[in-house]
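Residues take their numbers from the sequence shown, with the count starting at 1.
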Amino acid sequence: MFISPPPAFPQSVLVHWREPKKSGAAFGLSLLVLVSLATLSVISVLSYLLLACLCVTITFRVYKSVIQAVQKSNEGHPFRSLLERDISVSSESVRQLADQFLIHLNWFSNQTRRLLLVEDLVDSLKLAAVTWVMTYVGAVFNGVTILILADIIFFTTPLIYQKKKVKTHLMSLSSTQSAPCLAQSVLQDKLPGAVKKSKVE
């Protein structure tokens, strides 16, 4: 009996770099947070992030207030559009997330039970081998380092795959277009009585 694959997650727009600006921001922010967690405590990282956010927003608010006072304009609060935007989470969204989480939790529970209780000896031996290798990985890397490597692979692998796919597609198109010309040239060389084009000097 083989281990059944986990339920598929919906494709992420950020991971597939369909919107490069958002994907770059998400990748940079996640990598910054993980690197910070590798050197600082969780409380320090959260405090620095909130402090940096407050410095940016307060500075921008004071700057816009000064500009409005000098120009005697009445533009109002610079973040009014963001303050008036509805950010409440709907019950439908929560229900969908809960359903997805429940599906994956049930899959994980079933697979853990069958592996630990040796429903299939080969699969349980594979798990034992993996956990034995992970003991050596854990001796070299800590959890945050593994998360950093996973974050880099998670964001860069789809991008590299897409570039390789486009390059392969272009090469196949080029070879397809050049094949008729090559075949025609070979036929002109091989067929008797073939007329070859010559340049007029």
Colleague: Which distance, rounded to the nearest 0.5 Å, do you find between the CD1 of Ile146 and the CG of Leu34?
Modeller: 12.0 Å
Colleague: Looking at OG of Ser124 and CZ of Arg114, how far apart are the two atoms once the value is rounded to the nearest 0.5 Å?
Modeller: 7.0 Å
Colleague: Would you say Arg113 and Asn110 make side-chain contact, with heavy atoms under 4.5 Å?
Modeller: yes
Colleague: May I ask you to check whether Ser47 and Ser44 show a side-chain donor-acceptor distance below 3.5 Å?
Modeller: no
Colleague: Check side-chain contact (heavy atoms from CB on, under 4.5 Å) between Leu49 and all other residues, then give those that pass, not counting sequence neighbours.
Modeller: Val33, Val45
Colleague: Examine distances only and state if a side-chain atom of Ser93 and a backbone atom of Val89 form a donor-acceptor pair shorter than 3.5 Å.
Modeller: no
Colleague: Tell me, with the steps shown, if Glu75 and Ile67 meet side-chain contact (heavy atoms from CB on, under 4.5 Å).
Modeller: CA-CA 10 Å; Glu75 297 179 359; Ile67 294 298; over 6 Å; no
Colleague: Say whether, by atom type as modelled, one donor and one acceptor occur between the side chain of Thr57 and the main chain of Leu54 under 3.5 angstrom.
Modeller: yes
Colleague: Going from CG on Asn106 to CD on Gln111, what distance comes out if it is rounded to the nearest 0.5 angstrom?
Modeller: 11.5 Å
Colleague: Find out whether Ser36 and Tyr48 are in side-chain contact, i.e. whether some heavy atom of one side chain is under 4.5 Å from a heavy atom of the other.
Modeller: no
Colleague: Which label fits Tyr136 and Trp132: parallel for a plane angle under 30°, tilted from 30 to 60°, or perpendicular past 60°?
Modeller: perpendicular
Colleague: Taking it one step at a time, do His77 and Leu83 satisfy side-chain contact (heavy atoms from CB on, under 4.5 Å)?
Modeller: CA-CA 9 Å; His77 200 287; Leu83 290 172; 3.9 Å; yes
Colleague: Is there a path of hydrophobic side-chain contacts, each under 4.5 Å between heavy atoms, that joins Leu32 and Leu40?
Modeller: no
Colleague: Give, for atom CG of Leu116 and atom CG of Leu127, the distance between the pair rounded to the nearest 0.5 Å.
Modeller: 6.5 Å
Colleague: Using the test side-chain hydrogen bond (donor to acceptor under 3.5 Å, both in side chains), find all partners of Asp86 that sit at least two apart in sequence or belong to another chain.
Modeller: Ser88
Colleague: Mind checking the NZ-CG spacing from Lys126 to Leu121? Nearest 0.5 Å is all I need.
Modeller: 11.0 Å
Colleague: Taking CD1 in Ile43 as the centre, count heavy atoms belonging to other residues, nucleotides or ligands within less than 6.0 Å. Is the count above 12?
Modeller: no
Colleague: Give a yes or no on whether Phe27 and Leu29 share a hydrophobic cluster (residues Ile, Leu, Val, Met, Phe, Trp, Tyr; joining criterion: side-chain heavy atoms under 4.5 Å apart).
Modeller: yes
Colleague: Are Val62 and Phe60 grouped together when hydrophobic residues (ILVMFWY) are joined by side-chain heavy atoms under 4.5 angstrom apart?
Modeller: no
Colleague: Working note: Ser109 + Thr112, criterion side chain to side chain donor-acceptor pair (under 3.5 Å); need CA distance, chi angles, decisive distance, verdict.
Modeller: CA-CA 5 Å; Ser109 301; Thr112 303; over 6 Å; no
Colleague: Please report the interatomic distance CZ(Phe155) to CG(Asp151), rounded to the nearest 0.5 Å.
Modeller: 5.5 Å
Colleague: What residues, two or more places apart in sequence or in another chain, satisfy side-chain contact (heavy atoms from CB on, under 4.5 Å) together with Leu82?
Modeller: Phe79, Arg85
Colleague: Going hydrophobic residue to hydrophobic residue with side-chain gaps under 4.5 angstrom, can you get from Leu147 over to Leu46?
Modeller: yes
Colleague: Can Leu149 be reached from Val144 by stepping across I, L, V, M, F, W or Y side chains whose heavy atoms are under 4.5 Å apart?
Modeller: no
